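Note that the structure is a prediction, hence the values are computed from the model and not measured. Each chain gets a letter, A, B and so on, in the order its sequence line appears, and its residues count up from 1.
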2 protein chains.
Amino acid sequence: MPVLPEPAATVEKVDTSYLETLMGYNARRAALRVIDLFSRRMAVYELRPVDFSVLSLIGHNPGITSRQLCSALNILPPNLVGKISSMEKRALLARKPHPQDRRAVGLHLTELGIELMSDAERIALDLESEATSRLSAAEKKTLMRLLQKIYL
Amino acid sequence: MPVLPEPAATVEKVDTSYLETLMGYNARRAALRVIDLFSRRMAVYELRPVDFSVLSLIGHNPGITSRQLCSALNILPPNLVGKISSMEKRALLARKPHPQDRRAVGLHLTELGIELMSDAERIALDLESEATSRLSAAEKKTLMRLLQKIYL
DNA sequence: TATTGTTATACTCTATAACTATA
DNA sequence: TATAGTTATAGAGTATAACAATA
């Protein structure tokens, strides 16, 4: 009977089953997948995911302040400043004096901003259904609801 | 009859309902929530989420190569080099010559690495159940399955 | 020729401290 | 004294190009 050589430690197929039991791992991988697709599709509009969220919230909440945006989107004020001024330079949004508080600034979409977001929201809808193409309508609804139970 | 002044555009409560219809938004917010918790709990071990994934895959796949790690975790080779050498300096992992391919390096956990990951995986389990405390066991299982249908 | 691992490097994202003007 | 917005800056994450050694 021949003596088999000690098998060398090599990995044929990587076993990821443990990581796949962790919610953090699954949520991160899924989020990155959708966001990568989003970034590629929105590149023509030069809108990153957070830019899109900011413009969308301004569009649906005319007069919203920077502070309110930061709270709603969980971003820090210093990191919003550059985005706002950049999008103001692109004439996508306008800053107006806040009627009650002279420290604050009310944010509004311009006509150009409204048009761009109209296109962008249509693109977003397409890319979302592409990213979730393997889920049924009921599964999508369930997934959204369960995700919101985590972060809301 | 008094003429009411034109109401100023101020936002009382921010309406986020549109964003909450987007999978990308929900997945990103939920992932960031779990990962923030993870980062804070793992700070004592100086393990970031990706470091944990790397050590975990090495632990469950002794002899795995950098290239295999990059493919499995969707990270780029140049961004793994620093992590590997840093964790080698901390004596958490060892690099051994690959038995068949002299270009490659097989990665293995040290005794110290095994002990640290044993603790870390226990912490991870705790923090995961904290992050998903509002979900039933069945909901957790469903959520994992649906997330995997997006990225796997 | 193609692949593994690596260096250098640039760009983006995120975080903290400190300032100003208003409340 | 506290808050809205801002500046400066440091650190972490992510991307591409190019190289040496080996397949």
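Atom CG in A:L32 sits roughly 13 Å away from atom P in D:dG13 (whole-Å rounding). Separating the CG atom of A:D51 from the C1' atom of C:dC13 is a distance of 12 Å, rounded to the nearest angstrom. Separating the CG atom of A:N74 from the P atom of C:dC13 is a distance of 16 Å, rounded to the nearest angstrom. Whole-Å rounding puts the B:D101 CG to C:dT3 P distance at 12 Å. For the pair B:K96 NZ and C:dT4 P, the interatomic distance rounds to 22 Å; values are reported in whole Å. Residue A:I75 contributes atom CD1, which lies 14 Å from atom C1' of D:dG5 at whole-angstrom precision. The nearest whole Å value for the distance from the CD atom in B:Q100 to the C1' atom in C:dT3 is 16 Å. Protein atom CG of A:L76 is 16 Å distant from nucleotide atom P of D:dA12, rounded to whole Å.
Of the listed nucleotides (D:dG5, C:dT4, D:dT7), C:dT4 has the atom at the smallest distance from the side chain of B:A104. Of the candidates C:dT6, D:dT6, C:dT4, C:dT4 carries the atom nearest the B:R103 side chain, counting heavy atoms from C-beta on. Comparing D:dA17, D:dA4, D:dT22 by their nearest atom to the side chain of B:P78 picks out D:dA17. Set against D:dT3, D:dG5, C:dT6, the side chain of A:R95 has D:dG5 as its closest nucleotide. With D:dT6, C:dT16, D:dA23 as the choices, the nucleotide that has an atom nearest any side-chain atom of B:R102 turns out to be D:dA23.
For B:Y25 and A:F52, the ring centers sit 6.0 Å or farther from each other.
No hydrogens or angles considered: a donor-acceptor pair under 3.5 Å links the side chains of A:S71 and A:R67.
Along DNA chain D, the nucleotide nearest to A:D36 and the one nearest to A:I84 differ in position, and the one closer to the 5' end is contacted by A:I84.
Under 4.0 angstrom from either OP1 or OP2 of D:dT3 there lies no side-chain N or O belonging to A:R67. Note on B:R48: a side-chain N or O is less than 4.0 Å away from OP1 or OP2 of D:dA12.
When hydrophobic side chains of Ile, Leu, Val, Met, Phe, Trp and Tyr are connected at separations under 4.5 Å, A:L125 ends up as a singleton with no cluster partners.
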Test B:Y151 against A:N26 for side-chain hydrogen bond (donor to acceptor under 3.5 Å, both in side chains), laying out the working first. CA-CA 8 Å; B:Y151 79 86; A:N26 287 298; 2.7 Å; yes

Might you work through the salt bridge (Lys or Arg N to Asp or Glu O under 4.0 Å) test for A:R145 and B:E20, ending with a clear yes or no? CA-CA 9 Å; A:R145 183 177 59 80; B:E20 282 160 18; over 6 Å; no

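Put simply, the side chain of B:N79 and the base of D:dA15 share a donor and an acceptor less than 3.5 Å apart.
No contact: A:V50 has no heavy atom under 4.0 Å from any strand. The residue B:R28 sits close only to the backbone: its heavy atoms come under 4.0 Å of sugar-phosphate atoms, none of a base.
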